[in-house]
Every structure is written in C-alpha cells, then in structure tokens.
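Read the numbers this way: they start at 1 and go in the same order the structure lists the ligands and their atoms.
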Amino acid sequence: MSVTLLPVPHTAIIVVAAGSGSRLDAGAPKAFVGIDSHSILRHALDGVFAASPAQVVVVAPAGYEGDAETELREAAGDRADLGRVVTGGASRQESVAAGLAALWGDVRTVLVHDAARALTPPATIDAVAAAVTSEVGVIPVLPVVDTLKKVDGDAVMGGVDRSELAAAQTPQAFPRALLAEAYAAARASGVEYTDDAALFTAAGHPVRHIEGAARSFKITTPADLERARHLLASSPARTAVSAAAGDGSAPRSHAPRVGIGTDVHAFGGDGDLWLAGLSWPGEPALSGHSDGDAVAHAIVDALLGAAGLGDIGEHFGTAHPEYAGAHAEVFLARTRELLAEAGFEIGNVSAQFQSNRPRFSGRRAEAEAVLSRALGGAPVSVTATTTDGLGFPGRGEGASVTAIAAIFPRGVQA
Ligand code: CTP
Ligand code: MG
C-alpha cells in the first residue's frame, strides 16, 4: 500500500458559511439549503476543490459543524486532509476571524469566499490566488450594468458615474500576514466592514481587481436560488461514457436523466413466486434466469438505461452465472453500485406490475421498503393493475412490468 502525502499548501481558502440566510428564509441555515440534490455549501466546496490545492477552512453555523464536516469530506475526496471546520460568529467579520485563527503556519495567501456564491468557477479562485502579492489584495469584480441614482427619500438627487463603480464578488485574496493584522485592528476599533477588501483598505493596504464571473453571483433571495437551479439544470449533459471513464474534463451537469425498463415473465417457474423483492408462498412462480422477479428486473433496466450503462443482460445475464439464483436485493444493490461508479445517484423509481395475481395491495408498503432499502434509500413506488382480462396478463399466462427511474449526476469531482 502506498500513501500519498500532499505537500502543505501555502494558500488557504476560508469558506464562510455561518450565516442564517434570513433573506432566503428557507427554514435552514442558507449553506445547507439544497440547490439540486446538493446543498449550497456542497456546490461551493466542489468549486473550491476543483481549484488548485489549498487548505480549506469551512466556517459553519454553531450546531451545524457535523453537517459541514460531511459536506467537506464528500467534496474533498482525496484532499480531505486539507479541510477542517470551525464555528462561526454573529457577523460575517467574526466568522472570517474564526477562519483566520485556524490557518496553518505555512499559509502565506488567504482567500475569503462566501459559500453563498455557490457556482463560482474554479478558474476565478485560481485567478485571484495567482494575482495576489505579499502587499496587494485582489478581488473579482463585475462592471455595474444598471444606471445608478442617488436618492433621498422618494426624490432622485442625481446620477452616479457608473464607470467609477464595480460590483465586488468573492473569493477575495490577501497576503495572510497583512490580513491578520487588519482583522486585529478592526476588532480593536469595533468597526464592521462590508467586505474583506474594505477592511484591508481601511488598514492602509492596496487592493486590485480582476474580472469576476456572472456565475459567482451570491444566492441571497429565493429568486437567486431559482437562478442557480436553472443554471445547473441547463448545463450541457455529462455523458455516461465520459462519466464511466472518470473523465474529469467532462462538463459538469446536474440535470436529471430518466430511463425506462420493461420485463415480462411467464408463470411456470419452480418453487415460490419472487416478486418486488418479496417471496409469495403459495403463488405460482414466474420463470426466468435468476428468480424471475420482473419488478426488480424492470427497475434494473430503467436505472441502467437512465445512466446509459447498457442493460440487464449485459451486467447480469447468462454470462454471469453468479446471479443465477439471486434475488432483487442483489441485483438492485449492484445496479446502484454501477451507477455510483459512473457518478450517478438515484432520484426515484416507479414500477407498474400488470397481472391478475398476486393481489399486490396488501404487501405494497413491504415491497416498496425492501426495494428502496436495496437502492440505498431512494424512493420506490410500485403500482399494480389487472388488464381487464385482456392480453397475456389478463389470461393469467404471465406478468408484465414497466419501470421508470430518475437519476442525477453527483457533484462531479475531477
Ligand atoms: N456569513 C457567515 N457568518 C455570519 C454571517 C454571514 O459566515 N455571521 C457568511 C454567509 O454564510 C454567506 C456569506 O457570509 O456565505 C455572505 O453573507 P450573506 O449572503 O449575507 O448570508 P447570510 O448572512 O446568511 O444571509 P442574510 O443576510 O440574508 O441573513
Ligand atoms: Mg448577511
């Protein structure tokens, strides 16, 4: 076994995530509100870990340190040793100060980043880090596009020259020693600054700007959260082929994918009926490779189809004798594993069983629980119908099942 030791980085990124999100008003601290299947914090950390290696300090709301740890570990992958979580304070400034206190001795450059700017491109993070010097801070900005007015009550007092203005974003990068001094001075004076650049400038140090990015907007209101959701959903789809190949250069997409699967088996198998993950003593068995569980098999095809990973025959067919007697749990757990390896997690599954028997409704909840557990907790619903005496299910010759599945790419990490 070989152990890879990462060199201790000279750059640290403090990700402030300790705010309550009063304007978003989503019933949880803003950082833990979901954009898609992942939280604001997780998206922010995916961006941070896609940038050059740095110490990463997540500043979490009191009581949410454990949740932040989980997000950090999942986003960090093999860089987990570079991350840690500290508890934030009552103001953003106090939260940054808590982050500064957790920096390693070797750190020379500090980036302070709002978790709320969840979709910030990694290139912006690298660009501010590259531009900072031992004396000069660097912030990303965007030009102001609106016409700005000075107002007094309801009166418009005059215009403001837009060309002199820029909208500040994060991450903001500073030489560590000077930023720490500036924070100590701010604490002593009791002044709250609007951002780190203002605090650094107040201590007498220069700050320069580079070009920011539209995607770095701060999620503040419900409309901002909608915007983030749309941006993620409209990213170009990450193909299953590149996902399966672990190609980190594949486009990041959080758009869901869907798949459909059908399975038909005739009655006439040996032993008991196996259906929807349950054994049905006294019911005629379905015939087929493995246990003939048409519900499980349709679900497997729906999931594999959604991920573009081939079909059940390819992964579980006669060329795989190890699955010959296997039941639903084995098939579904392996399918979930195949999807996870390709970078997908399961949204939900819905299956419909068509046959005269067995009577399904009395065991529906039990079946759904077994199937869901085998898929790692993803919701599974199973409906059943007879076909009014029509067709082979109506004549009692066999059963037909159709399933659909929705899946999501996981936060994609190179
Ligand atoms: N922040 C923090 N500690 C605080 C306040 C804010 O770490 N005491 C962080 C937020 O988590 C956010 C960033 O600073 O990532 C920018 O702040 P803002 O967007 O204002 O977030 P909130 O303060 O949470 O939102 P609101 O002002 O709507 O309550
Ligand atoms: Mg705030």
Participant: Any donor-acceptor pair under 3.5 Å linking the side-chain atoms of Asp36 with those of His43?
Facilitator: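 Yes, because at least one side-chain N or O of His43 sits under 3.5 Å from a partner of the opposite role on Asp36.
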Participant: Out of all atoms in ligand 1, which are within 4.0 Å of some heavy atom of Ser20? Include the element for each.
Facilitator: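 Under 4.0 Å from Ser20, ligand 1 has these atoms: 24 (O), 29 (O).
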Participant: Any nitrogen or oxygen of Ala90 lying under 3.5 Å from a nitrogen or oxygen in ligand 1? Just yes or no.
Facilitator: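 Yes - when backbone and side-chain N and O of Ala90 are compared with those of ligand 1, one distance drops under 3.5 Å.
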Participant: Specify the protein heavy atom at minimum distance from atom 24 (O) of ligand 1: its residue, its atom name, and the distance to 0.1 Å.
Facilitator: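 Looking at atom 24 (O) of ligand 1, the protein heavy atom closest to it is Gly21 N, 2.8 Å.
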Participant: Are the side chain of Asp263 and the backbone of Val401 linked by a donor-acceptor contact shorter than 3.5 Å?
Facilitator: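 Judged by distance alone, no pair lies under 3.5 Å.
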Participant: Report the nearest protein non-hydrogen atom to atom 7 (O) of ligand 1: residue, atom name, distance rounded to 0.1 Å.
Facilitator: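 Heavy-atom neighbour on the protein nearest atom 7 (O) of ligand 1: Ala18 N, 2.9 Å.
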Participant: Near Ala116, which atoms of ligand 1 are under 4.0 Å from a heavy atom of that residue?
Facilitator: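 Within the 4.0 Å cut-off of Ala116, ligand 1 contributes 15 (O).
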Participant: Any nitrogen or oxygen of Thr220 lying under 3.5 Å from a nitrogen or oxygen in ligand 1? Just yes or no.
Facilitator: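 So ligand 1 has no N or O lying under 3.5 Å from an N or O of Thr220.
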Participant: With a 4.0 Å cut-off on N to O distance, would you call Arg92 and Asp114 a salt bridge?
Facilitator: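 Asp114 and Arg92: salt-bridged.
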Participant: Using a 4.0 Å cut-off to any heavy atom of Ser95, which atoms of ligand 1 qualify?
Facilitator: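 Close to Ser95: 2 (C), 3 (N), 4 (C), 7 (O), 8 (N).
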Participant: Mark yes or no for whether Glu65, through its side chain, and Gly63, through its backbone, hold a donor-acceptor pair below 3.5 Å.
Facilitator: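 Yes.
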Participant: With a 3.5 Å distance limit and no angle check, can you tell me whether His10 reaches the backbone of Asp106 through a side-chain donor-acceptor pair?
Facilitator: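 Checked: pair present.
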Participant: Hey, does the side chain of Ser216 reach the backbone of Gly212 with a donor-acceptor pair shorter than 3.5 angstrom?
Facilitator: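 Absent.
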Participant: Could you tell me whether Glu341 and Arg334 have a side-chain N and a carboxylate O separated by less than 4.0 Å?
Facilitator: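 Yes, charged N to carboxylate O under 4.0 Å.
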Participant: Determine whether any heavy atom of Ala31 lies closer than 4.0 Å to an atom of ligand 1.
Facilitator: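 It does not; every heavy atom stays at 4.0 Å or beyond.
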Participant: Please say which of Thr201, Val96, Leu111 ends up in a side-chain contact (heavy atoms from CB on, under 4.5 Å) with Asp196.
Facilitator: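 Among Thr201, Val96, Leu111, the one meeting side-chain contact (heavy atoms from CB on, under 4.5 Å) with Asp196 is Val96.
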Participant: Compute the shortest N/O to N/O distance between Ile219 and ligand 1 and return yes if it is under 3.5 Å, no if not.
Facilitator: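 In fact, backbone or side chain, Ile219 has no N or O that close.
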Participant: Are any of the N or O atoms of Val59 closer than 3.5 Å to those of ligand 1?
Facilitator: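 Not met; the criterion fails.
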Participant: What residue and heavy atom of the protein are closest to atom 17 (O) of ligand 1, and at what distance?
Facilitator: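 For atom 17 (O) of ligand 1, the nearest protein heavy atom is Lys218 NZ, 4.5 Å.
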Participant: Can you sort out which atoms of ligand 1 are near Arg92, meaning under 4.0 Å from one of its heavy atoms?
Facilitator: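 So the answer, numbered in order with elements, is 3 (N), 4 (C), 5 (C), 6 (C), 8 (N), 14 (O).
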Participant: With a cut-off of 4.0 Å, which atoms of ligand 1 are near a heavy atom of Ser91?
Facilitator: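 Taking each heavy atom of Ser91 in turn, ligand 1 has 3 (N), 4 (C), 8 (N) under 4.0 Å.
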Participant: Just to confirm my output: which protein heavy-atom neighbour is closest to atom 10 (C) of ligand 1, and how far is it?
Facilitator: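 Going by distance alone, atom 10 (C) of ligand 1 is nearest to Gly19 N, 3.6 Å.
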Participant: Kindly write out the residues that satisfy salt bridge (Lys or Arg N to Asp or Glu O under 4.0 Å) with Glu226, not counting sequence neighbours, or none if the list is empty.
Facilitator: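 Partners of Glu226 by the salt bridge (Lys or Arg N to Asp or Glu O under 4.0 Å) criterion, ordered by chain and then number, come out as Arg229.
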